[in-house]
Every structure is written in structure tokens, then in C-alpha cells.
Amino acid sequence: MPKASATSSTAPLPNLRSSVQVTYWFMYDRYSPGDFEAKWRERWLKADLFRTREETGRPKFYTLDFFPYPSGAGLSVGHCRNYVPTDVLSRMKYMQGFNVLHPMGFDAFGLPAENEAIKRKSHPAPMIEKYAANYKRQMDLIGCGFDWHRSFKSSDPSYYKWTQWIFGLLYERGLAVRKLAAVNWDPVDKTVLADEEVIAGRAERSGALVEKKWIPQWYFRITEYAQELIDDLDTIDWPEGIKAMQRNWIGRSEGCQFTFRVVGTANEARIDLDTAIEHGEARPQSNGLHFDVFTTRIDTIYGVTFCVLAPEHGIIEHLPITAEDRARIKEYQDAAKSLSDTDRTAENREKTGVFTGAYAHHPFTGERIPIWLADYVLATYGTGAIMAVPGHDQRDFDFATKFRIPIEPVIIGPGGLDEIRALRAQGKAFEPKDGTLINSSHYDGLSVLEAQEKLGIRLESEGIGERKIQYKLRDWLISRQRYWGCPIPVIHTKDGEEQLVPLSQLPVELPMVDSYEPAGDGSSPLAHIDEFVNCTDLDGSLARRETDTMGGFACSSWYFLRFCDPENFEAAFDPEKIKYWMPVDCYVGGAEHAVMHLLYARFWTKVLYDAGVVPVKEPFQTLRNQGQVLAMSPYRKPREGEVLGVAEDGILVSFEEAKLMPEADLTWKWVRMSKSKGNVVTPDEAVEQYGADALRMYLLFVAPFHADVQWSNEGMQGISRFLGRIFKFAGEVQPHFAENWQDILPFEELDDLSKRIRRATHQTIRNCTKDLENFGFNTYVSWLMKFMNEITECLELAKPRIANERHLQLAMSEALETLILLVAPSAPHSADQIWEDLGKEGFTYHAHWPTHDDDLAAEDSLTIAVQVNGKLRDTITVPANTPKEQIEAEAQASVKVKIYTDGKEVKKVITVPGRLVNIVVAG
RNA sequence: GCCCGGGUGGCGAAAUGGUAGACGCAGAGGACUUAAAAUCCUUUGGUAGUAAUACCGUGAGGGUUCGAGUCCCUCCCUGGGCACCA
């Protein structure tokens, strides 16, 4: 760390009014943040600078960062790319006169902490405590102004008491229910695994083949809110990409659901329904078995040549089929059972399936349609059964091709049947969004849309089915068979009834234990702990406590509400405080939470709104996503016998392993920083070398906010140099600094240089403010740099006269003070240091954000581009208020322009005010 | 396969349909210094030219326009997300 030649803390205060000295008392010979940054952080802490204020007369501004999970690897520069911009924005908003709420807490529950605790045989709570404390230290180190009075961890009983209360609220509204679900089961460890712990169908730890096990699980019925969750996206200011992802995730589709009746055995006679109806006959009876299908393409119903049931479909065991068929089916079902969802849904996988031996009755043609089983149809989506139209659906096409099932085209496009044949030769189905129906009885010739309309009506009028809206969205599985989570506040009475634990008995606290060994039957480690499990029900009878805990997404679905009133022991929050602070004005985090967290938080807010507990339907008015910070990680080629996962082309190795391997065997890839990748760069080192302010500004400047960054420390040097120049500039202006420049600067009497200084000042205020408000952090920094370049040049020009010329002193004082305040949000330590060195009282945080004057910012001359036929040929400079006609005349008079226009007919002249003149000539 | 982003100098990038490359990094040359560091100044898209200047240039190809990095169509490459979702 370079040493400063002098520092303000040791130098005596000069007499500001009389000092015109050659050596500047607070000028460093190089930028030396180590000498003052820590001092300012202590002062901010002592002054309780960032405590949230709720003063009347100031509008509110609520800035929020995604709730971080405190990892043992520490805060990475990737996190900083989230927190620094929001800190900058919060600081500016405060200076602009807002009451700012900018809190920080920790999403402490979760799998990594529990697994680490098991490995180390120590409780996760103190471990998380330590990690969170380190995060806080690092956030303080980079100068983030969080209000730590409002901080909490989701694992604090005082917090999760209310998470449990909200669970109860959902339960009472019928939105928390228990139903059977398949979980990943490790038969060796006898434990339930998270998806993340299953690698290519095997348990990450034990290596055992993962099985499916059906156990009762708690769900939140988010599907009840599917439509609202789509509709209200229109009311919020989020990136369109994120909105689109949510819409797709919820996946509304309009279509028809209708019934296929199962028609006995292969010998049963064909019945033509169309004929039957024409003769006024009732629909023929079947054996009473039926199943429903959903389709968005009812227009293709005449192209149905088979049906497919998911292997788990409930009707299968009742099908009227032979024992032989049943044996084949059983075999296929078993095979499907052993497959993980990943395997079953793998790309380009060859279709598998088995014919059941049973047939369904086509509701319109009366034809017998063979019923197949195939695992590409999932029991969990829709009705678990489909009508297959191999002519117009690629998956059905692949299946039909493999099993030699007829493929019938029922829609043609402009290319007619030839187009379809050509595609078929390439193994492709014709999947048109629009077209004309053929082979479809009296619907032939209709367009897709017309047919959908008519066929939908027909289904309904004949009582076969209905038009229906279907969503892809599934209910939210909340149960975890894990220790380190928020306990679900339910007890099971000896009669098998569920009872909600009343508020008076909340929180249901996690017991402190030493062992988290799995229970062996798929239930949580909590099931081992008698004093937790044994309890009494509301009548005082012996009962058993629910031992599942909630997944972490529950805890992060309402923390933004708690921040509004974190110390409330009587309630989750005071509605008045929520009314004041909500919604969050600016929510910032990575795009990786586009769907899950952001959808769940919206869902809880809507439920709380419907319960009359919060006054907003949407929690986050504005959302912005910062780009990822990438770092290098080493990958090696797979060894013999090793299988790579889908879309992987190498195997991650640790940095230690990589050192021992020849470079040729390694591939270095830019990947997201994470503990598991071992490539986390913490801010500590950068702060040590360049200081917190330089790191902050570099993070803002390095790339546009939303863009990914490949991390390197190069470039921080440039920011460090820039901050040094500000100090130097301030040191040179300081002897001429006029505290009262605002009152007495005579605008009209300015000379050209003073005008130039003031113009640059006011343009910079305008540009910086606008860019900060629009998340243009990188251009905000470049405006500051440009301003610095301009006023440094002005200062050089002013040097011979500034000691004697008042207007120059005043203009330069305004420029300096403005510079400090504009820099303050991003480089607060440096700004406060210079502020103090100038003899100013207090902190820049308490100063007012500068506002600009349009008249002062206006240029008095303009550079106009002159084009001939759209090609730049000259530029001319004219006074700002030159009339259009005169600009055009001057443009045409230009010698350079005449070369291209002489002797040619001017067809028209296009003038863009303040920008350019384009002369269009013939030939 | 589907969905959402990106492709601009050696590098990070800027640019309400209006002078492409602002601002910075890195490089080159210079000043200061015994020297180095630091700092400051000059310079840097490509090609041709001593120069003025000309031509070419924003992944490729078309289109709209007086004018396209920006809008439209087709394609290529690339990052991220996903539940083969009917």
C-alpha cells in the first residue's frame, strides 16, 4: 500500500478564506484509500447514518436485494455487483429527499448448511451465524449502507414464527394441502434426496440408483392463482424477458378437454357416431370405462390414430384386456418406474411404449382407436392422457413411425400434400399454426381457427367435453424431509386428523440436537426426536407433531414484508407500516430466480392481499436483473467409462487437482462464481489493493448493469487513477473555494470560461441523475470522467487568473461541490473525505443531490452534420438558435458539400434540428 | 425441441432511426526523474496516401427509409433457463 505524503488527519486545518498556498495541505501524491476509508465507515456507524427514517413530508423509497444465502465461501464480487448498484441508488434517493428503506437479511435455512453440519458433526445454527457475520463484515467493507437494525435471519424463531403463521393462513384458506407425491429415494442412505443430489439417476453421496417413493407431502395450491399471476404481470415494471418466462412457466393454454370411452375388446363392432347422430340415435353405450384428454388442437381430431396413457394412469388396471397384455403392460410400467424424470424426459430419446390391447371410441368418427402406454406422456400434466395426432405433432409422429401406426394428415398449408410428404421423408411432422382442414368430414375446407371454434361448440353441445383453459403450472411442493428448515405447524391427532398449531403456541421451534441421521423411513430427522414429535392436540390428547419442514422458498416469500416492521413481536407486521413501505420500489437480483422465487413471493402476497393482511397485490413494483460475474474454472476430459450429463462437455475439477494435471488435459471455462466451483473471488482482496470506492466504481463501470462480466482486476487501476484525479483537482481548487457560491454567482456577467465550467457542471448533473435512475451505472461513471476531463482543462486555463477573478472562483467552486456530491453515492468514502477537507460539515449523505438548470446546461453553439444522400461530407458549427433555413443555406454553401452537389438537382433537404442536414440530390 | 438474452476496435464498451467507436483498459511515442514508480501530454478501427482526403467497416444475406448498429424477414454463432407440457 503506497504511503500518502500528507493526510488530512494529521495536517492542521488551514484558514480557508486566506489560504492561497503553493502546496496543498490535503493533496496526496497518490490516491491512498487505505488512509481514510476505514475511518469513514466507523464514523457512519457511530452516526447511525443508514438507520431507516420514517419522517413525514418525505416520500418513501424501498430498495431491496435478493435475500442471500450465507455461504462459507464468503461474499463474492458477484454479490457485490448486486449490492453496490442498489446502494448507489439508495444513497442518491436519500440525498434527493426520500425516506429510504434498504435492509439486508439472510436466507439461512437450507440444504447446504444441513449437509455441511452433518459432515462436521456440528449444529448448523452457529455455523450460519458465523457465515452471516462474515457477509455483514464484507458488506460493510465495501461501504454498503444497510440498516442493520432491521436485519434478521430466516432461521430466527422470531421470524419463522410468522412464516408458520402465514402457513396457517394458507391452510385455513384451503391453500395448504397434503397429497401423495413421488420423491427421490436413496435406498442405501434411506433418505429422500433433493433433485440437486441426484446425478444421472444416482445418489450423489451413496452412489445408489435412485428410486421413486410415494409419500404424503404438503403442497401450496399456487395453481389457484394461475390466472391472476399472469394478469397482474401487466401492472408491474419488470424486464420483459422475466415476464415472458413467468407466463411460459404458468403456461396458460386454451383448448378442449373431452372424454374417450373405452370400447371393450378387439372384436367389438365399429360404430359410426356421425351416422348414428344423423339418424337421431343415442350415443352407443360402452363398458363404462373412459378417460379424459386435453388438447389445444381440437381441429386435428380427425387425425387421431391412437391414444396414449401415461404409464401411471389409473384406468390401466381396469382395461378389458388379456392376461398376456397385462403382463406386458406391467413390465413396461416397472421399466418406467425405475427411470428418473431426467431420463424420461431426456432429449432425442427414442420413443418407447406398449400397446394395451384396448381401444377407445373416437367421439366423432366412431372409429376404434388403439390405446397405448408411453412414458413421454406424464401423469402429472393435464389429464395424463393424450389424443395422438402423428400427422401434426412431432412426438406423436416419432412414436407412430416407430410402432407403425397410421399417420393421417388433416391440415394442409399453402404447399399442400407435397409439402407434408417432403417433410415426412425427412422424418418430420407438419406442425402448422394455421392451414386448411382436409380428411375431416364436413369440416373440410375450414381454417384451423374456424374448426377449433366449431368443434369446441360441438363437443359441448353433445356433452362429450368442454372448452377449457389449462395451465402448466403445478402446485408448489413445500415439504422437505429435512432438519434445517422451518417446521410445519401442524399436529396429527391419534384419530388421524390434522390440527393447525394455534398462534399462541407458535413458533414450533426446531429442537437443538446433535444428530441429523435420516429416519430410515423417508421422514425427517425430526421424527427421531421424541420430545419434538410427542405433543398434545387441542383437546389435550396425545398427538404426533408433523416432522416435515418447509423448503427455503417459503421463508423468502415474505421477508420483504418483515423488513417493514422487523421488531414486531405481536404480529408478523403492522399493517400501517406495510401500507407505508410496500411495494418494494426497486428489487434487484440475478435472473436465475426468474420463475421460482419471484413467482412464489407474488403468490404469497396475493394470498395475503385476499386475506386483507396487506394492501398490495404485487410485492415488487420494479425488478432489475444484474448480470453474472464469471470466473475461470478448470474442467477435464472424461476418463474412460465416465458418463457426462446432458449438455456437459467436461468434468469440473478443483484448483488443487488442476495444478497436478497437464495443461493439455484441462479446459478453462468462464462460469458463474460459486462455492461448488471453487472460483469465488471475494471483495476483500480488491479492497485491500485498490480500496472499496475503486471496487465499487469499477463494478458500476465495467459493463452495463444487466450484462455478464468476465472478472479480472485489470481496469480497477483506471478507476483508482480517476479517484486520485478528483483528490488532486479538489486540492488545487480548495484555496479558491467559495462556500457561498450559490447565492452570489452573477449568471449574466460570466466570461466564456466560467460559462463553460457551469455548462459542463449542469450537463453532468442532468446526465448522471438520468442515468442513475435508469440503471445506467456505467454511463453515469463515464459522465463523471468526462466532467473531470473538462474541468481539469478549464482549471489549467483558469490558473493564471483564478486567484483574482471572483466569477471563476465561484464557477469552479460549484463544479467541485457538484462533483463531490455526484460521486458520493458510488465513492462515498472519498467524497466524505474531500467534503471534510474542504471544510464542510457532516456527511455527503446528508447533503442535497444537485439539480440542474436547463438554461445553464444548454450549448450556445451546435455542430451540425451535413450529409449528401445520407453520406457525411462536412460538419458546420452554428449558434444554438440559428433558424432552420439559415442552417440549410450554410450547409449547402459548404465547399466540401458543393463537390458532391454541384451540377445536380437538389431533390429535397432533410433537417433534423440540432443534429444534421441531409441534402438529397439526383443521380 | 421449446422459451429468454447476446454478437460493435487488441480488450470492457457508447450511441431517442440521424456525425459509429463516447468513457476507460491495454499498446506506442514524449515530458518530468540519476533511474524507476507515480503523474502529465500526444497517439491508436481497417486499407491506400507525405498529406488533405477517399473507400471499407457494428455476425451473414435480403428488405423498409432521404438516412439502419438500431426497425422487418431469413440464416449463422453464442450465453442462460426448461418440466418431451400435448
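Lettering of chains follows the sequences in order, A, B, ..., and the numbering in each one begins at 1. What's counted below: heavy atoms across the whole structure, side chains too, no hydrogens, waters or symmetry copies. Values in this document were obtained by computation on a predicted structure and should not be read as measured data.
- For D393(A), the side chain to side chain donor-acceptor pair (under 3.5 Å) criterion is met by R395(A), not counting sequence neighbours.
- As judged by a 4.0 angstrom heavy-atom cut-off over every strand, S712(A) is placed among residues making no nucleic acid contact.
- The side-chain contact (heavy atoms from CB on, under 4.5 Å) test applied to E254(A) returns R252(A), I469(A), not counting sequence neighbours.
- Using a 4.0 Å heavy-atom distance criterion, W783(A) is classed as making no nucleic acid contact.
- One can find a donor-acceptor pair under 3.5 Å joining the base of C85(B) and the side-chain atoms of R474(A).
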Listing time: all N or O pairs from protein to nucleotides 6-8 of chain B that are below 3.5 Å?
none

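- In this structure, the CG atom of N248(A) is 14 Å from the P atom of A83(B), given to the nearest Å.
- Spacing of P atoms, G69(B) relative to G5(B), comes out at 22 Å, to the nearest Å.
- Contact check, K908(A) against C66(B): a side-chain N or O comes under 4.0 Å of OP1 or OP2.
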**Report entry** Base-pair map of RNA chain B as dot-bracket, where | denotes pairing with a different strand and pairs are Watson-Crick or G-U under 3.5 Å
**Finding:** (((((((..(((.....[....)))((((((.......))))))((((....))))..(((((..]....))))))))))))....

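- When rounded to the nearest whole Å, the span between CG of D375(A) and P of C85(B) equals 14 Å.
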Query raised in the report: Taking protein heavy atoms under 4.0 Å as touching, what does nucleotides 40-59 of chain B look like 5' to 3' if B marks base contact, S marks sugar-phosphate-only contact and - marks none?
Result: S------------SSSS---

Anything under 3.5 Å between a protein N or O and an N or O of nucleotides 10-15 of chain B, put it in a table, one pair a line.
from: G12(B); atom 1: O2'; to: V702(A); atom 2: O; distance (Å): 2.2
from: A14(B); atom 1: OP1; to: N778(A); atom 2: ND2; distance (Å): 2.9

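- At the heavy-atom level, Q470(A) lies nowhere under 4.0 Å from the strands shown.
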Query raised in the report: Please walk me through it: do D237(A) and R624(A) pass salt bridge (charged side-chain N to carboxylate O under 4.0 Å, His left out)?
Result: CA-CA 9 Å; D237(A) 171 23; R624(A) 294 290 180 265; 3.1 Å; yes

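- Residue H313(A) contributes atom NE2, which lies 14 Å from atom C1' of A86(B) at whole-angstrom precision.
- Across the protein-nucleic acid pair, N869(A) atom CG and G18(B) atom C1' stand 15 Å apart, rounded to whole Å.
- Going from atom CG of D396(A) over to atom P of A86(B) covers 12 Å, rounded to whole Å.
- Salt bridge D771(A)/R766(A): absent, no basic N to carboxylate O contact under 4.0 Å.
- Taking the syn range as angles within 90° of 0, the glycosidic angle of G9(B) is syn.
- In terms of polar N and O atoms assigned as donor or acceptor, the side chain of N918(A) comes within less than 3.5 Å of the base of C66(B) in a complementary pairing.
- Nearest-nucleotide mapping onto RNA chain B: of A865(A) and E240(A), the residue sitting toward the 5' end is E240(A).
- Residue G718(A) is in sugar-phosphate contact alone, with no base atom involved, counting any heavy-atom pair closer than 4.0 Å across all strands shown.
- Distance Q257(A) CD to A86(B) C1': 12 Å, rounded to the nearest Å.
- Note on T875(A): a base of the nucleic acid sits closer than 4.0 angstrom, heavy atoms only.
- The phosphate of G24(B) (OP1 or OP2) has a side-chain N or O of N789(A) nearer than 4.0 angstrom.
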